[in-house]
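Worksheet: one structure, shown below.
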Amino acid sequence: MTKLFFLISLILLPTTFTSQSEKQKPPTAAHTELTNYGFPIGLLPSSVKNYTFNQTSGEFSVDLGSACKITLPPDNYLATYSKRVSGKIVEGRIAELDGIRVRAFFKWWSITGISSSGDNLVFEVGMITAKYPSKNFDESPQCEGKHSSS
Ligand SMILES: *[C@@H]1O[C@H](CO)[C@@H](O)[C@H](O)[C@H]1NC(C)=O
Ligand SMILES: *[C@@H]1O[C@H](CO)[C@@H](O)[C@H](O)[C@H]1NC(C)=O
């Protein structure tokens, strides 16, 4: 378990590419909704086309227009977002997450849940968790290989 924790740490560490000084404005209403629940906007790419949110159940679905690929510098780990990312959000916690994966060590790892304590984010990959400073996610990443026309 300890070994795996370090493995996941290696996967997620490269997200330290934003400087904390240049905090971005939420690019879409879906990003604003994230911040309303205590999460940073960098968890979603900037290309959100549409989203639905049921305030009663917390169930959400984000439409990115197409599947989205993001390379996380400096070590160039690949992350993918499905065209549709869904889950269930309450204050400080996203559960039943579906649609975000990270490629490392020749395998795809699905991120199944994320919780936020304000300063830190805890990512869940199945039963394994890894903690990162929220400030690494202050900027919403751009999808690769596409024109930023909208
Ligand atoms: C946004 O999603 C909802 C629910 O799937 C759908 O009814 C609506 O037409 C969509 N809006 C756009 C602009 O795609
Ligand atoms: C929102 O969630 C509640 C509780 O699960 C459900 O009863 C309701 O039908 C949902 N509303 C929509 C518009 O899906």
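Counting starts at 1 for both ligands and their atoms, in listed order.
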(request) With ring pair (Phe, Tyr, Trp, His ring centres under 6.0 Å) as the test, would you mind laying out the steps for Phe60 and Tyr37 before giving the verdict? (result) CA-CA 12 Å; Phe60 68 88; Tyr37 284 82; 9.2 Å; no

(request) Kindly state if atom 11 (N) of ligand 2 has a protein heavy atom within a strict 4.0 Å cut-off, that is, under 4.0 Å? (result) yes

(message) When you compare the side chain of Glu124 with that of Ser115, does any pair of heavy atoms fall below 4.5 Å?
(response) yes

(request) List the closest protein heavy-atom neighbour of atom 1 (C) of ligand 2: residue, atom name, distance to the nearest 0.1 Å. (result) Asn54 ND2, 1.4 Å

(message) Please check whether Thr56 reaches ligand 2 - meaning an N/O of the residue sits under 3.5 Å from an N/O of the ligand, judged on distance alone.
(response) no

(request) Name the closest protein heavy atom to atom 5 (O) of ligand 2, giving the residue it belongs to and the distance to 0.1 Å. (result) Ser57 CB, 3.5 Å

(request) Check for a donor-acceptor pair, side chain of Ser116 on one end and backbone N or O of Phe39 on the other, with a separation under 3.5 Å. (result) no

(message) For the CD1 atom of Ile100 and the OG atom of Ser82, what is their distance to the nearest 0.5 Å?
(response) 8.5 Å

